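These notes are about the structure you will find just below.
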Number of protein chains: 2
Amino acid sequence: MTTFSHKILIVDDELDILEFLSYNLKKEGYQVFTAASGDEGIRIAKKELPHLVLLDVMMPGLDGIEVCRELRTSPGMDDVIIAFLTARSEDYSHIAGFDAGADDYINKPIKPRVLISRIKALLRRNQTGKDNASLDMGGLRIDRESYLVIKDGVELSLPRKEFELLSLLASKPGKVFAREEILNRVWGEEVVVGDRTIDVHIRKLREKIGEDFIKTVKGVGYKFEF
Amino acid sequence: MTTFSHKILIVDDELDILEFLSYNLKKEGYQVFTAASGDEGIRIAKKELPHLVLLDVMMPGLDGIEVCRELRTSPGMDDVIIAFLTARSEDYSHIAGFDAGADDYINKPIKPRVLISRIKALLRRNQTGKDNASLDMGGLRIDRESYLVIKDGVELSLPRKEFELLSLLASKPGKVFAREEILNRVWGEEVVVGDRTIDVHIRKLREKIGEDFIKTVKGVGYKFEF
DNA sequence: TTTTGTGTGAAAATGTTGTCATAATGTGGG
DNA sequence: CCCACATTATGACAACATTTTCACACAAAA
């Protein structure tokens, strides 16, 4: 069997990042293409039909989201895996809405080892045809199908309410969910539970997945961030 | 072998789009059903159990999202592939909250060639592993043809219900099957059996194949793992 | 008939969920 | 800047729900 090499396209306007990523991925044996703008990214993507596209969200001109949209509607691109590169500080709320095409979000700054393992996971996933109903972010994977949360590679099995709560919050990173809304969607409209119930579940979640993912917005509710 | 034809249901309130899509899909050999409203779509879906549903997001009355929700919670519909049709200009944020069921988003206007290739990809994706006659995993082989389970080389002969239950769970390792889903697919839609029936069969299975393969997810269902 | 398969109900075991009291923390007014 | 107030965090526990397990009844097959 000849060694098969995946094609990866990196689109980012910052040249040093481009080089950094390119270097590390090539070292892993991937076939790497780079583009410094959205337009160029689309052109190369159409020509090379890469298996995976790393897409910077913030770019002058065509931004990552628009590129993603364009790619997703291009012929032959149906199976392309698209991962967004996002700066940790950026507000995710506007991205969150766009769940049509992203397979993963990867935070900058990026440690090579982490990047490689995420990319391997992504490529593996799509190869087995297992189109997982799973979200992957900040070292946390939430798999709605297997009811499993994987944190840094370690499986956590959460009780139902906790899982649903996390699942809800993480479905729209950055968005603040009001307590009322949480109650409606996790517990249901008619169910009546005390005021502290949510807090307690939030606490248990934080114990399990770490303190940093769920942020309290006093007087309003909670939000998920990564 | 006779040619197998996939059933596709299109739901859209614009009749010319309905016709346009219908024409193109029929030409490809698909069995096409159409509905001009959400209600009609649900009715037809329940009757025909299509493999794939193309769902317009914006419709008067029941919109695509609501239809999708309804379908996803209908018995037997778990494997239906649902793709949303969206106008390019539409804001995705309101869709985002709805993470329950869409397998794909397809932008209008639609080029036939693109549509066909997306649909093929979607159908292909879901088909894998479905018709496998023999599954082999973790020292356990499940042979649907000979109705035999072989554990570490030893033949086990399981009663029909037990075999079908195991077969279902193992058809998608990792996936949690809700009790409701199990009932529908192993016992059938109309059959009414008590709550404890599933548990007892699970228990007998565990006795025979070992305790570790079938995991309980409390409040949700069971899943197979190896 | 004997054996095997299948479903039921009731008790026990298990894990999950909700509530309370109390501490900690943040917020806005003075 | 500090205080009083409102809100949230936390830990222990009680209440609850679901699943397990068992013994048994009945049906279907051998």
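Keep in mind the model is a prediction, meaning the values are calculated, not measured.
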Between [N] ([atom2]) and [X] ([atom1]): distance, integer Å:
| X | N | atom1 | atom2 | answer |
| --- | --- | --- | --- | --- |
| A:Trp187 | C:dT16 | CH2 | P | 15 Å |
| B:Arg206 | D:dT21 | CZ | P | 7 Å |
| A:Asp195 | C:dT19 | CG | P | 9 Å |
| B:Ile202 | D:dT21 | CD1 | C1' | 14 Å |
| B:Arg179 | D:dA17 | CZ | C1' | 12 Å |
| B:Ile214 | D:dT20 | CD1 | C1' | 14 Å |
| A:Ile182 | D:dT8 | CD1 | C1' | 13 Å |
| A:Arg203 | C:dA23 | CZ | C1' | 13 Å |

For [N] and [X] - does any side-chain N or O of the residue sit under 4.0 Å from the phosphate oxygens OP1/OP2?
| X | N | value |
| --- | --- | --- |
| A:Tyr222 | D:dA9 | yes |
| A:Thr197 | C:dT19 | yes |
| A:Arg160 | C:dG15 | no |

| remark: With B:Glu181 as partner, the option from B:Lys175, B:Lys223, B:Lys172 fulfilling salt bridge (charged side-chain N to carboxylate O under 4.0 Å, His left out) is B:Lys175

| message | Does B:Lys218 reach a base, just sugar-phosphate, or nothing at all? Heavy atoms under 4.0 Å. | response | base

| message | What contact category does A:Phe163 fall into here, base, sugar-phosphate, or nothing, at under 4.0 angstrom with non-hydrogen atoms? | response | nothing

| message | For the residue pair B:Arg206 / B:Thr216, report whether a side-chain donor-acceptor contact shorter than 3.5 Å exists. | response | yes

Which one, [options], comes nearest to the side chain of [X]?
| X | options | answer |
| --- | --- | --- |
| B:Lys204 | D:dG11, C:dT17, C:dG7 | C:dG7 |
| B:Thr216 | D:dT20, C:dT19, D:dA9 | D:dT20 |
| A:Lys161 | C:dG5, C:dT8, C:dG18 | C:dG18 |

| said: Check this for me: does any side-chain nitrogen of one of B:Lys204 and B:Glu162 sit under 4.0 Å from a carboxylate oxygen of the other? | reply: no

| request: Measure the shortest side-chain to side-chain distance between B:Phe177 and B:Asn184 over non-hydrogen atoms and say whether it is less than 4.5 angstrom. | output: no

| query | What distance separates B:Leu169 CG from B:Arg185 CZ, expressed to the nearest 0.5 Å? | reply | 10.0 Å

| message | Go nucleotide by nucleotide along DNA chain C from the 5' end; which of A:Arg196 and B:His201 gets its closest nucleotide reached first? | response | B:His201

